[in-house]
Amino acid sequence: MSHASATQQTSAEDAGVDVPSREKVLVVGAGPAGLAAAAALKALRVPFDLVDAGKDVGGIWSTSREDSPVWPAMEMISSTQFTQYEDMIQPVSFPPFLRPAQMSKYLRAYAARYDLTDHFLPRLVVRTAKPFEEGVWQVEFSDGRVTIYRAIVAAHGVSSRPHLPEWAGDVPEGIRTLHSSDWEGSDGLEGRRVLVVGSGQSAADIAVDAARRALEVRWSVRTGHWIVPRTIGGQPGDVAASREPSVLGGLNEKIAEQVVRRAVGAPESLGLPRPAAPLLEDAVIVSDEIAPRIRDGRVTPTGDVEAIDEDGTVSFTGGNRAHADFAPDVIVFATGYEQGADYLPDDVVPRTASGELDLFLGAFPRGRGDLVLLGQQRVNGGVLPLLVEQADVAAYALHAEREGTPQAAQFQRLREGSDAQVPLPGESGLRGRLGALLPPRREDRRSAGTGASGSGAWGSAAADDRALVPFVDRDLLLARLRSVRALFD
């Protein structure tokens, strides 16, 4: 769906004027996913409200939001081509990789372009959302109001449930501890010893940032991942990867690994664990800075944390280098996030044997047609194309249910089945014949023991069996979403 159709003049019902809330969809979260859902619902004239804890749209990218897990100096790892909506490109004056303030400005412009702020209720937190029969949700807000909605689109993102390892509770009070969601930058770390715990992107970015000011930075890594440069051959790496012919299969992987080894070096040469998966199946770390900071001694990789003593001394195990015990002043847990939302009942979405939410196409609970969870997956590169496709399918499904069209029942039947049953567009001609001769692509690129943001493997689930946000194959999921979306055309 192109959200450009939302620019058409809307009726009073489209704007949500005088429409009772029991006929509306509640979109929770005004970040990239929530705005995509709002634009799609508006294009189909489905009444909705859009709420967010912040005073402005933009979600975690809003510069006015104090609880955002991003920090001003942070640089996005996906290029502008994969962090923009199809119907509004990023300004040409923006750099290839945006800072939070630039992404915030872009999202505000997108909301203004489609008058999404007309539906926006700022500084409003959903305390609880309780389902009754299908199409009835009782929602309690932070201002005390209790309202009925017909459906919920949970677009709160993946950073609402920070995950901590079990030993975090054993850290002595004299050591400052924080989760990566609370990282605000390296100011104030002068003369301090910092331990960053986690194996993925957030951990690498924070280690680099901390090294700008801290006296010493140790990086505790349990699971190995490939480190890839931001640019390859003068263009953003995610753009270069998207232009490689997928029909080459394993040959692409060998070529890519050789390019990365020449550009960055093998992770094990830096004292990091050997990657647990091949490059094209790995939750890679995108960075031009972490390898130089390790080589110049500003960041020192260590193995997994084995124990922490009462005096705050940390001992390590594993890894490719032997290191003495370390007494940090600050510990940063870049150990990922858990799936779900605290405002939803734990049993509203069934879970798989591994503890993950059982979601059709990563967004649709199999037992309810009035609930959608957007962005509960982690991918290599930009996630926005995936969020848009999920939001479009959600809007079509909710519209079909509201209008009672045959597509509603067809989607319900699909939703009850497995993702693998969704037909993929076939390739004909030479590409199709060559593809038939090559090994099939792995459908699940999640690495065992890898948490959200590629963070440390502190068990596949938290103590209460909440699974960490899974890593999925973006292109495969996109193809299936587009196949299902064609049902509504």
Side-chain angles (χ1 to χ4, degrees), residues 1-52 57 85-88 107-122 124 126 129 131 134-137 139 147-155 361 363-364 368-375 384-385 387-412 414-415 481-482 484-489:
M1 176 194 300
S2 171
H3 299 322
S5 59
T7 59
Q8 61 188 324
Q9 185 173 357
T10 58
S11 65
E13 181 182 1
D14 299 331
V17 177
D18 297 329
V19 176
S21 64
R22 64 178 178 273
E23 297 180 15
K24 290 183 180 181
V25 175
L26 178 64
V27 181
V28 184
L35 294 179
L41 290 168
K42 187 163 188 175
L44 292 173
R45 302 186 179 186
V46 176
F48 68 94
D49 286 334
L50 174 65
V51 301
D52 194 277
V57 300
Y85 298 102
E86 292 180 356
D87 47 342
M88 196 178 93
L107 293 174
R108 290 198 306 271
Y110 185 81
R113 178 174 183 176
Y114 294 123
D115 296 325
L116 301 181
T117 50
D118 292 345
H119 306 256
F120 180 50
L121 304 174
L124 200 57
V126 176
E134 185 80 12
V136 179
W137 284 82
V139 178
T147 310
I148 301 297
Y149 284 90
R150 61 173 286 255
I152 302 288
V153 175
L361 299 180
F364 306 95
R368 299 196 70 94
D370 57 357
L371 175 63
V372 180
L373 286 85
L374 299 180
L384 189 56
L387 299 178
V388 169
E389 289 296 334
Q390 288 178 331
D392 279 357
V393 172
Y396 274 123
L398 291 169
H399 176 264
E401 186 70 29
R402 181 173 185 249
E403 299 298 321
T405 64
Q407 287 91 339
Q410 293 172 349
F411 179 74
Q412 181 179 352
L414 281 174
R415 192 185 67 216
L481 284 161
R482 287 165 181 161
V484 170
R485 188 183 63 177
L487 171 73
F488 300 96
D489 290 343

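In this text, all values refer to a predicted model and were calculated from it rather than measured experimentally.
The minimum heavy-atom distance between A151 and L398, with the atom names listed, is CB-CD2, 3.8 Å. In plain terms, the two heavy atoms of G375 and L387 that are nearest each other are CA-CD2, 3.3 Å. Of all heavy-atom pairs spanning A391 and A40, the tightest one is O-CB, 4.0 Å. The two residues Y85 and P32 make their nearest non-hydrogen contact at OH-O, 2.8 Å.
R368 contributes no side-chain N or O that, together with a main-chain N or O of P131, makes up a donor-acceptor pair within less than 3.5 Å. With hydrogens and angles disregarded, no donor-acceptor distance shorter than 3.5 Å links the side chain of Q412 to the backbone of G369. Y396 contributes no side-chain N or O that, together with a main-chain N or O of L44, makes up a donor-acceptor pair within less than 3.5 Å.
Not counting sequence neighbours, R150 has no partner by the salt bridge (Lys or Arg N to Asp or Glu O under 4.0 Å) test. Residues passing the side chain to side chain donor-acceptor pair (under 3.5 Å) test with R415, sequence neighbours excluded: none. R22 pairs by the salt bridge (Lys or Arg N to Asp or Glu O under 4.0 Å) definition with nothing, not counting sequence neighbours. With sequence neighbours excluded, no residue forms a side chain to side chain donor-acceptor pair (under 3.5 Å) with E401. Applying the salt bridge (Lys or Arg N to Asp or Glu O under 4.0 Å) criterion to D115, with sequence neighbours excluded, gives no partner residue. Considering only residues two or more places apart in sequence or on other chains, Y149 meets the ring-ring contact (aromatic ring centres under 6.0 Å, His included) condition with none of them.
The CZ atom of R482 sits 10.0 Å away from atom CG of D392, with the distance rounded to the nearest 0.5 Å. The structure places OG1 of T117 at 12.0 Å from CZ of R108, a figure rounded to the nearest 0.5 Å. Note that CH2 of W137 is 4.5 Å distant from CG of L371, once rounded to the nearest 0.5 Å. Rounded to the nearest 0.5 Å, atoms CG (L50) and NZ (K42) are 11.0 Å apart. In this structure, the separation between CZ on F488 and NE2 on H399 is 10.5 Å, given to the nearest 0.5 Å. Rounded to the nearest 0.5 angstrom, D49 CG and L26 CG are separated by 6.5 Å.
For the side chain to side chain contact (heavy atoms under 4.5 Å, CB included) with V27, the lone residue among L41, V372, D52 that qualifies is L41. With I152 as the partner, the side chain to side chain contact (heavy atoms under 4.5 Å, CB included) test is satisfied by one option alone out of V139, V25, D370, V126: V139.
At a threshold of 4.5 Å between non-hydrogen side-chain atoms, the residues L414 and L487 count as touching. Between L361 and Q390, the closest side-chain pair of non-hydrogen atoms is not below 4.5 Å.
When only modelled atom types and interatomic distance are considered, T405 and E403 share no side-chain donor-acceptor pair under 3.5 Å.
Here the two rings, on F411 and F364, have centers that are under 6.0 Å apart.
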| field | side chain to side chain contact (heavy atoms under 4.5 Å, CB included) evaluation trace for L116 with V57 | value | CA-CA 9 Å; L116 301 181; V57 300; over 6 Å; no

